[in-house]
Amino acid sequence: MLITLQTRARPFSRSLTSTLLLHGLGYQPNGDGEVTIIIEAFAHLGSKPPITHFLTSIFHKFHADVDNVRDHMATAMKRLELFLAIGVPLDKMELTINGCDMKTVNLPRTGFKNLGVVTATEVVGKCRSSLLTAKTDSSEAVTIYSSPPHGLGIISDIDDTIKITDVLEPEKMFENTAYKDPVPIAGMPALYASLSKSLTVQSIPPQIIYLSGSPFELFPFLSSFLKSHFSASLGPLLLQSLSITDPEEIVKSLGDGKSGQGKIDYKVGQIKRLYKFYPQKGFLAIGDSGEKDPEVYGKAYNEFGGNFIRCIWIHVLDDRKADNSDKRFEEAFKGVPADRIRKFHTSEIPSLQNIDVAGGKCN
C-alpha cells in the first residue's frame with residue numbers, strides 16, 4: 001500500500017523544500033470498512049540555518065563543558081536540527097492513495113501562520129491492509145496504522161515509561177535526548193511484544209498508540225528508537241506542535257516533566273480524539289510516575305469510562321524527585337476502581353506478561 005503526498009510550494013521552489021511526514025492513524029467511523037486517515041505534515045526549507053551556535057547556547061544552559069561533548073556534536077546537530085527548520089507555505093498538497101480505493105485528495109494549504117504544519121483528515125475508501133505507507137518526493141516513507149472499530153489497544157507514554165529519559169533531571173534529560181544512544185526501560189520491549197500478541201482478539205491486533213508531550217521536531221529520533229527496540233509493537237507516534245525557537249524553552253519541551261496542567265490537557269485532548277475514532281475499543285493505558293500520566297489516565301477513565309480505558313499501568317520511578325506518595329495517587333485515581341490500576345517497579349516488568357488483560361484483568 002502506498003500513500004504518496006505531493007507538494008507544490010509557492011513562492012518557494014519545490015527543489016528548496018522538504019516535507020516531514022508524521023505517523024498517521026486510520027479508523028472506520030461507520031464500521032463499514034471505509035477508512036478515514038489522519039496524517040500530519042511539516043513543510044520546511046530544505047536548507048537549515050547553522051546549528052552550532054544554537055547547540056552551544058543549550059549547552060551553556062546546563063553549564064556543560066562543550067569540549068566534553070564535542071565528539072557528540074554531530075549527533076546533537078542531527079537530532080535537534082528540525083527546531084531550526086523554517087516552515088513554509090505550500091500552495092497545494094495532493095495525497096494520492098494506492099492500495100485503498102484509488103483517490104487523490106487536496107489537503108489544507110500550509111502558511112506562515114501555522115509554520116508549515118498541516119493536519120488532515122481524509123476518507124480513503126476501503127483498503128486491503130491495515131498498514132499503509134505515506135511518502136512524498138521530498139520526504140522519507142512513514143506508516144499509517146489503520147484499525148477497525150472494535151478490539152483492544154494500548155495508549156503508551158514514551159519518556160521514562162519505555163525509554164530512559166530522566167525527565168526529572170534536566171541535564172540527564174538533555175544528554176539522553178541530544179546525543180546519547182537511546183536506551184529502553186529494561187523489560188519493556190519484551191513486554192510490549194508479548195502484549196501485541198496477547199491483546200490480539202479475533203485476529204485483530206491491538207492498535208498501539210504512542211502518546212508523548214514531546215515536540216514533533218523529535219519525530220525522526222523517537223521513531224527510530226521505536227523501530228530499533230519496539231519493532232514487534234509499532235504504532236502511530238503522536239507528538240505536540242509547539243513552534244519553539246528559544247533554546248531554554250526547547251530544553252523544557254524535550255520531556256513531559258512537571259510542566260503541569262498544559263500537558264495534562266494536551267494528552268487528555270488526544271485521548272478524547274482517540275475515543276471518537278475508536279469508541280468500541282478497550283485500551284490499556286501505560287505511563288510513569290515521574291510525569292503527569294496518573295492524572296492524565298485518571299481523568300481519561302472518568303471522562304470516557306471503563307470500557308474505553310480498561311486498565312492503567314504506572315511505572316513507579318525510583319527517583320527521589322518523583323512523587324510516589326499515596327496522596328498523589330489517591331487524588332489522581334479518584335473514581336477509578338483499585339482493581340483497574342497496577343503500579344509497578346522496573347523489576348516487576350517481566351511479571352506483567354502474565355496478566356490476562358484481554359480477559360479483563362489488570363493485576
Side-chain angles (χ1 to χ4, degrees), residues 1-9 14 17-43 90-111 114 116-155 196 200-211 216 219 223 226-227 233-239 241 269-281 283:
M1 307 298 171
L2 179 63
I3 296 179
T4 58
L5 183 62
Q6 297 178 338
T7 63
R8 179 162 58 89
R14 178 186 295 185
T17 64
S18 295
T19 302
L20 171 70
L21 289 181
L22 308 184
H23 286 162
L25 57 84
Y27 63 102
Q28 300 174 22
N30 301 316
D32 58 0
E34 292 282 330
V35 175
T36 297
I37 66 168
I38 296 178
I39 189 167
E40 188 172 23
F42 172 50
L90 290 181
D91 172 67
K92 186 177 183 180
M93 300 184 75
E94 293 182 348
L95 186 66
T96 304
I97 310 298
N98 297 317
C100 300
D101 290 347
M102 292 296 294
K103 191 174 182 180
T104 298
V105 296
N106 290 325
L107 304 185
R109 77 180 301 275
T110 68
N114 57 16
V117 177
V118 60
T119 300
T121 301
E122 297 293 340
V123 178
V124 297
K126 295 185 178 180
C127 305
R128 296 188 297 272
S129 171
S130 61
L131 298 179
L132 311 173
T133 301
K135 191 180 184 305
T136 75
D137 57 2
S138 61
S139 76
E140 295 184 0
V142 297
T143 302
I144 295 177
Y145 299 85
S146 179
S147 186
H150 47 285
L152 300 174
I154 297 173
I155 298 172
S196 69
T200 296
V201 179
Q202 297 179 348
S203 300
I204 300 173
Q207 177 74 310
I208 303 176
I209 298 169
Y210 295 95
L211 174 57
F216 78 85
F219 176 83
S223 176
L226 291 174
K227 289 178 181 179
S233 54
L234 293 174
L237 170 59
L238 307 183
L239 302 171
S241 178
Q270 288 287 62
I271 294 173
K272 183 177 182 179
R273 293 177 69 221
L274 297 175
Y275 178 67
K276 292 180 179 179
F277 303 154
Y278 308 112
Q280 300 176 49
K281 282 190 185 293
F283 283 89

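The figures that follow rest on heavy atoms only: side chains count, while hydrogens, waters and symmetry mates do not.
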(request) Considering non-hydrogen atoms only, spot the tightest contact between Gly153 and Pro206 and give its length. (result) CA-CB, 4.0 Å

(message) With a 6.0 Å cut-off on the ring centroids, do Phe219 and His23 count as close?
(response) yes

(request) Tell me, please, which residues at least two apart from Tyr275 pass ring-ring contact (aromatic ring centres under 6.0 Å, His included). (result) Phe304, Phe308

(message) Any non-hydrogen side-chain atom of Thr143 less than 4.5 Å from a side-chain atom of Leu234?
(response) no

(request) Hey, could you give me the SG/CG distance between Cys127 and Leu132, rounded to the nearest 0.5 Å? (result) 5.0 Å

(message) Taking the side chain as everything from C-beta on, heavy atoms only, tell me whether Phe277 gets closer than 4.5 Å to Thr36.
(response) no

(message) Minimum heavy-atom separation for Lys281 and Leu152, please, with both atom names.
(response) NZ-O, 4.1 Å

(request) Compare all side-chain heavy atoms of Val35 with those of Lys126 and state whether any distance is below 4.5 angstrom. (result) no

(message) How long is the straight-line distance from CD of Gln202 back to OG1 of Thr200, given to the nearest 0.5 Å?
(response) 11.5 Å

(message) A side-chain contact here means heavy atoms from C-beta on lying under 4.5 Å apart; do Ser146 and Leu131 qualify?
(response) no

(request) Consider only side-chain N and O atoms of Tyr145 and Gln207, and report whether a donor and an acceptor are under 3.5 Å apart. (result) no

(message) How close do Ile154 and Phe283 get, counting heavy atoms only, and between which atoms?
(response) N-CD2, 3.5 Å

(message) Any side-chain to backbone donor/acceptor pair from Gln28 onto Glu34? Under 3.5 Å, distance only.
(response) no

(request) Would you indicate whether the side-chain heavy atoms of Phe216 and Val117 approach each other to under 4.5 Å? (result) yes

(message) Do Ile155 and Leu274 have side chains that approach each other closer than 4.5 Å (heavy atoms only, starting at C-beta)?
(response) yes

(request) Any chance you could measure Ile209, atom CD1, to Arg273, atom CZ, to the nearest 0.5 Å? (result) 10.0 Å

(message) Taking side chain to side chain contact (heavy atoms under 4.5 Å, CB included) as the criterion, tell me which of Val124, Ile39, Leu22 meets it with Ile144.
(response) Ile39

(message) Using 0.5 Å steps for rounding, measure from the OH atom of Tyr210 to the CG atom of Leu239.
(response) 13.0 Å

(request) Report yes if some heavy atom in the side chain of Leu25 is under 4.5 Å from a heavy atom in the side chain of Ser147; otherwise report no. (result) no

(message) Working to the nearest 0.5 angstrom, can you tell me the gap between Leu20 CG and Ser223 OG?
(response) 9.5 Å

